[in-house]
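First comes the structure, then the notes that go with it.
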Amino acid sequence: MTTGRTSAALRPTAGALRLVEASTTRPTSVDISGYARQMTAHCPYLAPSLQQGLTTWTVYRADGDSEAVQAELFHAGAQAAEWLRPLLNRPHGLLRCENIVLLGDVPGARHRDLMAWPHWVLKNLYGPVGVMFGKFYAGEEEVTAAGHRIPAAPASFLPVRAAVRRRDPRFLSATPDLAAALAAADDDGRDVFEHIPTEWKEIRTWARNLLPPAKPSPSSRARPASPPPFTS
């Protein structure tokens with residue numbers, strides 16, 4: 001459940017994501033089981049999580065314009081993180097993972113575009129309290145930091161899980177402030193929304209100020225308008 005403040009926030013975008021399946025270990029709207037089994041070779045926590053029924057999937061379908069879908073992905077991610085927070089210090093808390101699946105198309109926007117800002121905002125909000133967000137895109141093969149290829153996901157999704165403080169900061173070398181916050185993460189029960197705006201456009205503006213400086217190039221020296229590719 002999200003905090004009272006975010007739950008009460010005005011959301012003109014509500015409805016831009018239609019719930020297809022509530023949190024379940026075996027979604028029927030997307031065939032994820034084979035992919036999840038393949039991914040156990042790349043994540044040491046996934047096999048025991050699957051065995052104990054602690055990896056869950058909530059499936060949504062886009063039903064709005066790009067701006068509205070981004071806003072609702074952000075709210076869905078915050079809801080998942082708030083649900084996980086009190087569970088992470090309980091037995092097997094490190095094995096819990098809630099995945100937000102995105103189905104459907106939005107004219108003029110790829111899933112990569114729709115997920116970039118919500119992912120960046122959520123990582124910065126929840127990293128300091130020990131919750132890690134990732135992102136995978138349907139049909140796109142990923143490559144690990146060690147150069148190993150991992151299977152293409154059958155659907156786009158945002159995984160939400162406990163941060164592994166000794167491992168995860170290594171994946172954030174391009175964003176050292178975020179890596180440092182994650183390495184020192186401590187959930188003291190704080191309201192992560194206490195000092196940020198409530199409207200999505202304002203939240204995105206707040207998050208843009210957290211982007212690392214853009215590398216100078218001959219064509220442009222401006223800061224990027226969207227999260228850079230290394231924020232996965």
Side-chain angles (χ1 to χ4, degrees), residues 2 6-7 9-24 27-32 35-36 39 56-83 97-126 131-143 150-161 193 196-211 214 222-232:
T2 53
T6 53
S7 298
L10 180 65
R11 283 170 58 188
T13 55
L17 279 187
R18 297 293 184 185
L19 180 64
V20 177
E21 289 187 84
S23 185
T24 176
T28 60
S29 55
V30 59
D31 185 3
I32 208 82
Y35 169 76
M39 287 296 290
T56 53
W57 309 82
T58 298
V59 184
Y60 295 93
R61 184 174 298 278
D63 188 18
D65 62 26
S66 176
E67 188 83 17
V69 170
Q70 288 183 57
E72 288 307 301
L73 280 171
F74 164 73
H75 281 286
Q79 182 177 14
E82 293 296 337
W83 174 74
C97 181
E98 166 69 2
N99 298 281
I100 301 164
V101 180
L102 176 65
L103 302 179
D105 298 317
V106 174
R110 304 171 300 168
H111 282 190
R112 177 181 290 273
D113 304 320
L114 296 171
M115 295 165 66
W117 274 116
H119 173 258
W120 177 247
V121 176
L122 291 162
K123 281 177 73 169
N124 279 278
L125 275 180
Y126 284 99
V131 178
M132 182 73 171
F133 281 81
K135 61 183 186 306
F136 295 89
Y137 310 111
E140 294 192 21
E141 192 175 68
E142 301 283 340
V143 179
I150 60 177
S156 300
F157 67 99
L158 295 170
V160 191
R161 59 172 174 80
F193 296 92
I196 72 165
T198 58
E199 296 296 325
W200 170 243
K201 288 184 179 180
E202 295 174 346
I203 292 171
R204 194 171 58 188
T205 298
W206 168 84
R208 182 176 286 115
N209 294 327
L210 302 176
L211 288 172
R223 292 188 104 191
S226 60
F230 53 67
T231 60
S232 61

Smallest heavy-atom separation, Pro154 atom then Tyr35 atom, equals CD-CG, 3.5 Å

Here the pair of heavy atoms bringing Phe157 nearest to Met115 is O-CE, 3.3 Å

Just how far is it from atom CG of Asp105 to atom CZ of Arg61, taken to the nearest 0.5 Å?
-> 8.5 Å

Can you check whether Ile100's main-chain N or O pairs, donor with acceptor, with Thr58's side chain at less than 3.5 Å?
-> no

Kindly say whether Trp57 contributes a backbone atom to a donor-acceptor pair with the side chain of Glu21 at under 3.5 angstrom?
-> no

State, with a plain yes or no, whether a side-chain heavy atom of Glu82 is found less than 4.5 Å away from one of Tyr126.
-> yes

One should read off an interatomic distance between Ile203 CD1 and Trp117 CH2, to the nearest 0.5 angstrom, of 12.0 Å

Would you check, one step at a time, whether the test salt bridge (Lys or Arg N to Asp or Glu O under 4.0 Å) holds for Glu140 with Lys135?
-> CA-CA 11 Å; Glu140 294 192 21; Lys135 61 183 186 306; over 6 Å; no

Would you say Tyr60 and Leu73 make side-chain contact, with heavy atoms under 4.5 Å?
-> no

Please tell me if the side chains of Pro12 and Trp200 come closer than 4.5 Å, counting only heavy atoms from C-beta onward.
-> no

Where is the tightest heavy-atom contact between Gly64 and Val69, given as atom of each residue plus distance?
-> O-CG2, 3.7 Å

Over all heavy atoms of both residues, which pair between Leu122 and Ala78 is shortest? Give the atoms and the distance, please.
-> CD2-N, 3.6 Å

Side-chain donor-acceptor pair under 3.5 Å between Glu202 and Thr198, yes or no?
-> no

The side-chain hydrogen bond (donor to acceptor under 3.5 Å, both in side chains) partners of Asp63 (sequence neighbours excluded) come to Arg18

If only atom types and distance count, is the side chain of His111 paired as donor or acceptor with the main-chain N or O of Leu103 below 3.5 Å?
-> no

Compare all side-chain heavy atoms of Phe74 with those of Leu125 and state whether any distance is below 4.5 angstrom.
-> yes

Any side-chain heavy atom of Leu102 within less than 4.5 Å of one from Leu158?
-> no

Sequence neighbours left out, what passes side-chain hydrogen bond (donor to acceptor under 3.5 Å, both in side chains) with Arg110? Give chain and number order.
-> Asp113

Determine the minimum heavy-atom distance between Gly134 and His119, stating which atoms define it.
-> O-CD2, 3.4 Å

Quick one: closest heavy-atom pair of Ala138 and Ser156, and the distance?
-> N-OG, 3.0 Å

Min side-chain heavy-atom separation Ser66-Val106 under 4.5 Å | yes

Here the gap from Met132 atom CE to Lys123 atom NZ, rounded to the nearest 0.5 Å, amounts to 5.0 Å

State, with a plain yes or no, whether a side-chain heavy atom of Phe133 is found less than 4.5 Å away from one of Val160.
-> yes

Run the side-chain contact (heavy atoms from CB on, under 4.5 Å) check on Asn99 and Phe136 step by step: do they pass?
-> CA-CA 10 Å; Asn99 298 281; Phe136 295 89; over 6 Å; no

Test side-chain hydrogen bond (donor to acceptor under 3.5 Å, both in side chains) applied to Thr13 and Glu199, Glu72, Gln70, the passing residue | Glu72

